[in-house]
Amino acid sequence: MSFRGFRYDCRVLHTRTARTEPILMLGGAAQDKYSWARFEPRFTEVASVVSVDLPGWGNSDVLPARYDMAFLADAARHALDRIGVRKVNLVGACYGGTIGLRFAQRHPEHVARLLLVGARRTLSEPLRETFLRTVEALGDHRRDDFARSVVELLAPVLDQAPTRRGAALSRLLERQFLRMPEGQAERFGENAARMLRHQLCGPDPLPPAPTLFVHGEHDRYAPPAHGDEMAAHVPGARVAVMPAAGHMVQLEQPEVITDLVVRFFTDQSLDHLPLTLYSARN
């Protein structure tokens, strides 16, 4: 498909046994439409699944940093229009969580339920410095420095997480970013520069749909306090904090995040899941 001159891809997994609205997956800046494929067999037990490589993702066209988050939110709306889906349960993770925020603000009529993983509304000054180093390292072809900066941001703190899984995840991320193909590195660089150049979140309110903000308790990019901040502006919103996890909760706690998504989108109780769950703290 194409949106305002930029080519992008979308895939849909249909199910005849849907119990809720389709699940729209918006992944992180280094992910693509297959990055959450391991979860799809469970998700399709209750809903159809839509995964999309927006402009700037996967094999889609590179999206220059001058285009903001609203552009990407509108591209996601364009995808839904093209495939004939009216309302979705939206999962936005990391960078995809930022786009999910803008989507919910700009197109609230399309949101049945909203679940954002490791999302934040603004960049702190230390984070801006980290993103700037990342962009500069990519521009100078310093892959070691690039990989180190990203891993320091996304990997769990090893002395605060299960050592074996945390160490393995750090090694996995470092290999991924060191070996990232040039085209994907260019997309990642533009996406990082986009976060430096534009506001992440607009002034519009989030819709009064069931909303859940999910954070790893040791997340260095988006600590649970950011979930508290966002939930305070959404009536009835809740925050779920994953124990012994950092930013990549889908890799660190895959069984828990799968159950959480399925239960939340089918209006089941979350009380017995191994996490800390609370309502917005005003």
Salt bridge or not for Arg66 and Asp68, using N-O below 4.0 Å?
-> no
Pair Asp9 + Lys33: basic N to acidic O under 4.0 Å = yes
What residues, two or more places apart in sequence or in another chain, satisfy side chain to side chain donor-acceptor pair (under 3.5 Å) together with Thr266?
-> Gln268
Output all residues satisfying salt bridge (Lys or Arg N to Asp or Glu O under 4.0 Å) with [X], sequence neighbours left out; order by chain, then residue number.
X	value
Glu125	none
Arg11	Glu40
Asp259	Arg42
Arg143	Glu182

Among all residues two or more places apart in sequence or in another chain, which pass the side-chain contact (heavy atoms from CB on, under 4.5 Å) test with Val135?
-> Ala192, Ala193, Leu196
Sequence neighbours left out, what passes side-chain contact (heavy atoms from CB on, under 4.5 Å) with Val12? Give chain and number order.
-> Cys10, His14, Val50, Ile83
For Tyr8, which residues count as a ring pair (Phe, Tyr, Trp, His ring centres under 6.0 Å) partner, sequence neighbours excluded?
-> His78
Contacts of Tyr95 that satisfy ring pair (Phe, Tyr, Trp, His ring centres under 6.0 Å) - sequence neighbours left out = Trp57
Which heavy atom in Met230 sits nearest to a heavy atom in Ala119, and how many Å separate them?
-> CE-O, 3.3 Å
Tell me, which pairs form a ring-ring contact (aromatic ring centres under 6.0 Å, His included) where one or both residues lie in residues 117-136, sequence neighbours left out?
-> none
For residues 107-115, which side-chain N or O atoms pair as donor and acceptor with protein atoms under 3.5 Å away, sequence neighbours left out?
residue : atom : partner : partner atom : Å
His107  : ND1  : Arg77   : NH1          : 3.3
His107  : NE2  : Asp74   : OD1          : 2.8
His110  : ND1  : Arg86   : O            : 2.4
His110  : NE2  : Arg77   : NE           : 3.2
Arg113  : NE   : Asp267  : OD1          : 3.0
Arg113  : NH1  : Thr20   : OG1          : 3.1
Arg113  : NH1  : Glu21   : OE1          : 2.9
Arg113  : NH1  : Asn89   : OD1          : 2.9
Arg113  : NH2  : Asp267  : OD2          : 2.9

Salt bridge (charged side-chain N to carboxylate O under 4.0 Å, His left out): which pairs involve residues 193-205, sequence neighbours left out?
-> Arg102-Asp204
Do Phe39 and Pro254 have side chains that get closer than 4.5 Å, going by heavy atoms?
-> yes
